[in-house]
Amino acid sequence: MTTIDVPNLATDDLRSEAVPRGSDGVELRLVGSAETETMAALNRLLEALHTHVVGAGIREVTVDLRELEFMNSSYFKVFVSWVGRVEELPPEGQYKLRFLADRKKHWQERSLGALVCFATHLIRVES
Amino acid sequence: MAAPLDLPEALLERFQTVAFERLERIDNAWMALSGGTAAKEAEVEIFREVHTLEGDARVVGFGDVSLICQRLEDLLIAARENGYRVHEDVDIVVTMAIQFAGLLVRKKGSVARGGIDLEGFLAQIEQVLAARLRRSAATPERTPSGRLHLRLDPARKIPSPARERLAVVATTVYVESLGASGRSRERLRGVWEVLSREIAELEAMPIAPLLERHAEAGAELAREMGKSVDIVTEAGNVHVTEAVVEALETAVLHVVRNAIDHGLEVPAHRIREGKPAEGSVKIVARQNEDRVEMTVSDDGDGIDFEVVRRRARELGLASAGALAAADESQLAELLFTPGFSTRESVSEVSGRGVGLDAVRAAVASLGGEVRIRSTRGVGTTIAIAVPNRNAFVDVLLFRAAGPGPTFAVRAEWVAEDAPAPTAGGAAPQTSSPREAVCDPRDWIEQPRATPGAAPRVLRLRRGTSRCAVATDGSLRRGAAIRLCPTPPDALVEVVQLSDGEAVLLHPESLPGAISDVGAAREGGIA
């Protein structure tokens with residue numbers, strides 16, 4: 001499987017992998033636990049992914065959080081920033097964000113439930 | 001939500017800049033509080049910032065931001081009662097609420113744009129608060145001091161069309177009571193009194209709780225600043241409409257804060273000046289005909305108008321000559337200039353941000369005005385006057401022939417009164433074959449006066465519209481309070497006079513009551 005050229009995380013706590021999905025999609029998988037120390041790195045990853053997605057004209061990014069054990073509220077703001085970057089694009093250039101969540105992880109339900117309210121036209125959550 | 005006010009672009013931009021700065025401080029304070037690393041001041045700071053942002057947002061018409069701030073305050077109170085050891089749900093929604101407020105501030109205007117699900121987000125906050133109540137065995141929200149957390153917004157929860165429908169129902173009960181007797185009348189009367197009281201509070205709410213709330217906040221601010229103050233409020237039974245509450249809420253917030261921050265001196269300074277160590281702020285509201293007049297007076301240092309003159313010169317607000325010749329009232333007007341401050345540095349309390357210019361804008365949007373009076377070394381008074389028209393109406397009062405209630409029409413109808421042409425009960429002469437004479441009882445669907453009565457014809461004129469009403473000849477002017485405002489297409493409305501109630505007729509609503517006769521005649525009682 002080919003990977004996308006973005007600065008993936010590979011720490012003891014948190015790993016990421018970004019791969020193409022279909023002809024016009026990308027999947028980003030996060031595994032582990034998001035501790036504060038990796039927040040800046042994840043933010044850089046999301047910025048780079050955004051640049052790649054926009055440049056390649058990709059229409060949807062799938063974010064798989066099912067194996068992400070925990071992410072605190074401050075950390076979760078990186079996704080809010082990401083949504084903000086997508087909304088700043090012209091309407092025809094905005095891509096969708098599809099989150100795959102684990103229903104048993106209550107923090108995901110609460111956090112993603114709130115995130116959807118920021119941009120219902122861009123975000124959907126599947127669990 | 002209300003649409004954004006037509007405010008200057010510069011004021012909106014400044015609001016956005018200051019709002020982002022406040023949100024950043026709120027976010028940092030929350031992280032520190034929830035993480036257990038907060039300094040003692042963080043708790044006071046976060047409440048102050050949220051409260052101020054709520055007021056600022058309301059002034060500039062960002063109703064959605066104001067609403068999020070209100071819910072954020074509720075969450076913070078819940079968190080405070082647990083010593084900020086919060087369930088992760090509370091942490092998540094507080095953090096996201098701060099981000100959500102930032103999103104709304106970024107979006108131009110106050111109406112939630114496409115894709116933003118404000119209702120959905122608010123519902124999540126309600127879920128978290130409800131869950132928290134269940135966990136803590138459902139007690140009323142109380143601050144650590146034991147005071148109930150009052151929120152003066154019942155009218156905002158019931159839309160205007162729903163309030164009007166309730167008013168129509170209540171009015172129907174009242175009208176039925178007029179035609180009833182004995183126990184039935186008593187029961188209907190009782191229902192009317194309960195309904196009208198509740199609706200009156202929805203339409204025109206007492207202003208006293210609003211002033212008391214800001215007085216408490218002002219006292220707390222003074223304590224933080226090492227000042228001592230006694231804040232007294234006098235509002236009597238003044239009731240104001242929702243629009244006036246919104247304008248005054250922000251005006252009082254900023255004016256009281258200014259009085260504490262700029263006006264009052266620290267105790268040691270006051271003693272040196274021969275004043276009591278404890279400063280005094282007095283907030284007075286009164287109804288003056290169709291206006292609410294409010295003053296906020298302090299016994300602080302007063303305005304140094306020479307500093308104002310110098311600062312205006314530095315800012316280039318007027319020529320040196322004009323400033324040299326300006327008197328204190330003219331210099332006081334400069335304080336309303338956007339961004340004007342005599343402070344060398346801004347504080348988190350005041351000095352920059354949405355200030356007196358926003359107060360004036362909010363008040364002016366309702367046709368009101370703000371003035372400043374100040375004496376150096378003695379104190380400052382900010383005087384605000386806002387029309388409170390919707391609650392009051394000038395009326396013409398009359399009675400129908402025979403027993404019955406007092407009737408009224410709005411005083412925009414000009415009245416003439418003419419005697420009936422015969423005493424034999426024949427139909428009164430009318431000015432033209434097309435003019436029909438109505439009986440006021442027609443509007444409340446009650447039987448007309450019995451034959452033999454000699455009604456007088458009250459001719460009403462408004463523009464080219466005419467309406468002729470049979471009366472007993474009585475006619476007087478008065479001022480009435482609109483207890484249950486009904487929509488214009490309703491037949492009647494009940495209003496409160498100084499000596500009882502009256503049935504306010506909507507002439508246009510009764511089929512056949514109005515005739516259009518072209519140019520209006522001269523004369524009449526106005």
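Note that the coordinates shown come from a computational prediction; the quantities given were computed from them, not determined experimentally. We use all heavy atoms of the structure for the numbers below, so side chains are in, but hydrogens, waters and symmetry mates are not. Sequence lines set the chain letters: A, B, ... in the order given, protein chains first and strands last, and positions in each chain run from 1.
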Inset, instruction - Can you tell which part of A:F76 gets under 4.5 Å to a heavy atom of chain B, answering side chain, backbone, both or neither? - result: side chain

Legend entry - Heavy-atom contact with chain B under 4.5 Å, split by part of A:F79: neither

Legend entry - A:E126, CD atom: more than 12 neighbouring heavy atoms under 6.0 Å: yes

[X] versus chain A, heavy atoms under 4.5 Å apart: side chain, backbone, both or neither?
X: B:L103; value: side chain
X: B:M31; value: side chain
X: B:V93; value: side chain

Student check: side-chain heavy atoms of [X] and [Y] closer than 4.5 Å:
X: A:S73; Y: B:M96; result: no
X: A:N72; Y: B:E88; result: no
X: B:H87; Y: A:R110; result: no

Inset, instruction - Apply side-chain contact (heavy atoms from CB on, under 4.5 Å) to A:A119 and list each qualifying residue two or more places apart in sequence or on a separate chain. - result: A:V83, A:E87, A:H121, A:L122, A:I123

Inset, instruction - List the atom of B:Q124, the atom of A:A114, and the distance in Å for their closest heavy-atom pair. - result: OE1-N, 3.3 Å

Inset, instruction - Compare every heavy atom of A:C117 with every heavy atom of B:G120, then report the nearest pair and how far apart it is. - result: C-SG, 3.7 Å

Legend entry - Spatial distance of atom CE (A:M71) from atom CD1 (B:I92) [nearest 0.5 Å]: 11.0 Å

Inset, instruction - Starting at CZ of A:F118, measure out to CG of B:L104 and round the result to the nearest 0.5 Å. - result: 8.5 Å

Inset, instruction - Answer yes or no: is there a donor N or O on one side and an acceptor on the other, between the side chain of B:Q99 and the main chain of A:K77, under 3.5 Å? - result: no

Legend entry - Main-chain N/O of B:G115 paired to A:T120 side chain as donor or acceptor, under 3.5 Å: yes

Inset, instruction - List for me each residue that meets ring pair (Phe, Tyr, Trp, His ring centres under 6.0 Å) alongside B:F121, sequence neighbours excluded, and say none if there are none. - result: B:F100

